[in-house]
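Just below is one structure, and these are the notes that go with it.
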Amino acid sequence: MKKLLSILMLLALSFSALAQQTESTEKIVTSKLSLLIGSASIADHYFTNQEYSGPMMGLSVEFGSFYKKNKNLSWELDMTYIGLGSPSNPAGTGTLKVYDGAFEYKTSYNWNPVKNLHLRAGGSFDLNLGANFDPNGINNVLELLFQPQIKAVAGIRYGWNFKKMNLNLYADLGLPVMGLATVGSKYEGTSVIINNLIPYGMLKPAISHVHFTSFHNLQGYNLDLGLDLEFKHFTFSMSVDTNNKWWNAYDSQAYKNYTFFNLGFSVDLVSRSRLTSNNRYF
């Protein structure tokens, strides 16, 4: 029995040492699942010059870590779907079905100038795919959205450590710099691009619907303000997220402005104490 207890103790010590070594040498990946509840304000001159507004919902999944060979350079992959809602015009006589999907890969340099203060800045590649659908439309029914963008990103986070919980406040900002975007006119929407994929399509585009974008024809910002309640093995997050974008070409303007209350839950893909770890901004 004594030999068995000694073997078990040695195994426990070995696994503990291995876990500590893994945490110090491996870059732990954090995953986060979020529910988005809020509202949208949308305009698309292909349909009408009216604004459509109303409640919207969505889901977001995020993964983040530091690169294995760098202590200060981090990556983050965000995937968001927005599509649970039907914004309506001011008179309530018309609605739009809105479907948005965003895939963003970020790379940021991180600084920790003083205890509990974390700063980061970098860039990201953001691919936004979506569609606006008018269920009551006759001619103008569908507008497609394709917007690959290079963005500048930055963030700040400050926290307080308590015995069984950490409290962190944070703000994250993203600004589109350049990219591409599909843009319709009042008389021809971007859905006509589909005809280019059909060898004998009848409705060939009369104008170009894919444009280079920068500050002259596409502006916007993403701003997240929130707090993390960080426990030993998970983090509960609450934030207010704004996702705004405006673009134009020809005789048409469009914008999508989202404001969400974000409820998130984060865990590490390898279990460890989140209260004592310094290897994270996520």
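Owing to the predicted nature of the structure, the values given are computational and were not obtained by experimental measurement.
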Given 3.5 Å as the limit, does a donor-acceptor pair link the side chain of Asn112 with the main chain of Val114, or not?
yes

I want to know whether Tyr109 and Trp111 have ring centres closer than 6.0 Å.
yes

For Glu230 and Asn166, test the side chains for any donor-to-acceptor distance below 3.5 angstrom and give the result as yes or no.
yes

Indicate whether any N or O donor in one side chain lies under 3.5 Å from an N or O acceptor in the other, for Gln149 and Thr213.
yes

Pair up each side-chain donor or acceptor in residues 50-60 with any protein partner under 3.5 Å, not counting sequence neighbours, and list the distances.
residue: Gln50; atom: OE1; partner: Asn89; partner atom: ND2; Å: 3.4
residue: Glu51; atom: OE2; partner: Tyr255; partner atom: OH; Å: 2.5
residue: Ser60; atom: OG; partner: Thr80; partner atom: OG1; Å: 3.4

Same apolar cluster (I L V M F W Y, side chains within < 4.5 Å links), Phe212/Leu144
no

Are Ile156 and Leu225 linked, directly or through other ILVMFWY residues, by side chains that come within less than 4.5 angstrom of each other?
no

Those residues that, when tested against Asp126, pass salt bridge (charged side-chain N to carboxylate O under 4.0 Å, His left out) (two or more places apart):
Lys151

In the single-linkage hydrophobic clustering (I, L, V, M, F, W, Y; side-chain heavy atoms under 4.5 Å), do Leu169 and Phe261 co-cluster?
yes

Single-linkage hydrophobic cluster Ile150~Leu218, side-chain heavy atoms < 4.5 angstrom:
no

For Met178, look at atom CE and say whether over 12 heavy atoms of other residues, nucleotides or ligands are found less than 6.0 Å away.
no

In this structure, NZ of Lys106 is separated from CD of Glu62 (nearest 0.5 Å) by 7.0 Å

Between Asn110 and Asn72, is there a donor-acceptor pair closer than 3.5 Å when you use the side chain of the first and the backbone of the second?
yes

Start with the C-alpha distance between Tyr99 and Leu145, add both sets of side-chain angles, then the distance that settles side-chain contact (heavy atoms from CB on, under 4.5 Å), and finish with yes or no.
CA-CA 9 Å; Tyr99 307 96; Leu145 177 67; over 6 Å; no

Does the pair Phe215 and Val177 meet the rule for a side-chain contact (heavy atoms from CB on, under 4.5 Å), with working shown?
CA-CA 7 Å; Phe215 303 111; Val177 177; 4.3 Å; yes

Can you tell if the side chain of Val29 reaches within under 4.5 Å of the side chain of Trp75, non-hydrogen atoms only?
yes

Hey, quick one: are Leu263 and Leu229 part of the same hydrophobic cluster, counting side-chain heavy atoms closer than 4.5 Å, chains of contacts allowed?
yes

Which heavy atom of Ser108 sits nearest to which heavy atom of Val153, and what is that distance?
OG-CG2, 3.9 Å

Can you list the residues that meet the side-chain hydrogen bond (donor to acceptor under 3.5 Å, both in side chains) rule with Tyr105, with sequence neighbours excluded?
Tyr67

Take Val267 and Ser31, measure what side-chain contact (heavy atoms from CB on, under 4.5 Å) needs, and give me the verdict at the end.
CA-CA 6 Å; Val267 295; Ser31 62; 3.5 Å; yes

Audit row: Trp247, Lys256, side-chain contact (heavy atoms from CB on, under 4.5 Å) steps and yes/no:
CA-CA 9 Å; Trp247 64 97; Lys256 288 189 176 183; 4.1 Å; yes

Compare every heavy atom of Gly220 with every heavy atom of Leu175, then report the nearest pair and how far apart it is.
CD2-O, 3.6 Å

Pairwise ring-ring contact (aromatic ring centres under 6.0 Å, His included) hits with a residue in residues 122-150, at least two apart
none

Taking atom CD of Gln253 and atom CG of Asn217, what is their separation to the nearest 0.5 Å?
11.5 Å

Nearest heavy-atom approach of Phe103 to Met79 is CD2-CG, 3.7 Å

Tell me yes or no: between the side chains of Ser239 and Asp241, is some donor less than 3.5 Å from an acceptor?
yes

Interatomic spacing from CG in Asn244 to CG in Asn222 - rounded to 0.5 Å
7.5 Å

Go through the side-chain N and O atoms of Asn262 and Ser34 and say whether any donor and acceptor fall under 3.5 Å apart.
yes

Roughly how far, to the nearest 0.5 Å, is CG of Asn128 from CD of Gln147?
5.5 Å

Nearest-0.5 Å distance that lies between atom OH in Tyr170 and atom CZ in Arg120:
10.0 Å

Could you tell me which residues satisfy side-chain hydrogen bond (donor to acceptor under 3.5 Å, both in side chains) with Tyr158, sequence neighbours excluded, listed by chain and number?
none

Could you list the residues that satisfy salt bridge (charged side-chain N to carboxylate O under 4.0 Å, His left out) with Lys32, not counting sequence neighbours?
none

Looking at every non-hydrogen atom in both residues, tell me the closest pair between Lys164 and Phe231 and how far apart they are.
O-CD2, 3.8 Å

If you round to the nearest 0.5 Å, how far is CG of Asn248 from NE2 of His45?
10.0 Å

Are any of the side-chain heavy atoms of Tyr258 and Val98 separated by less than 4.5 Å?
yes

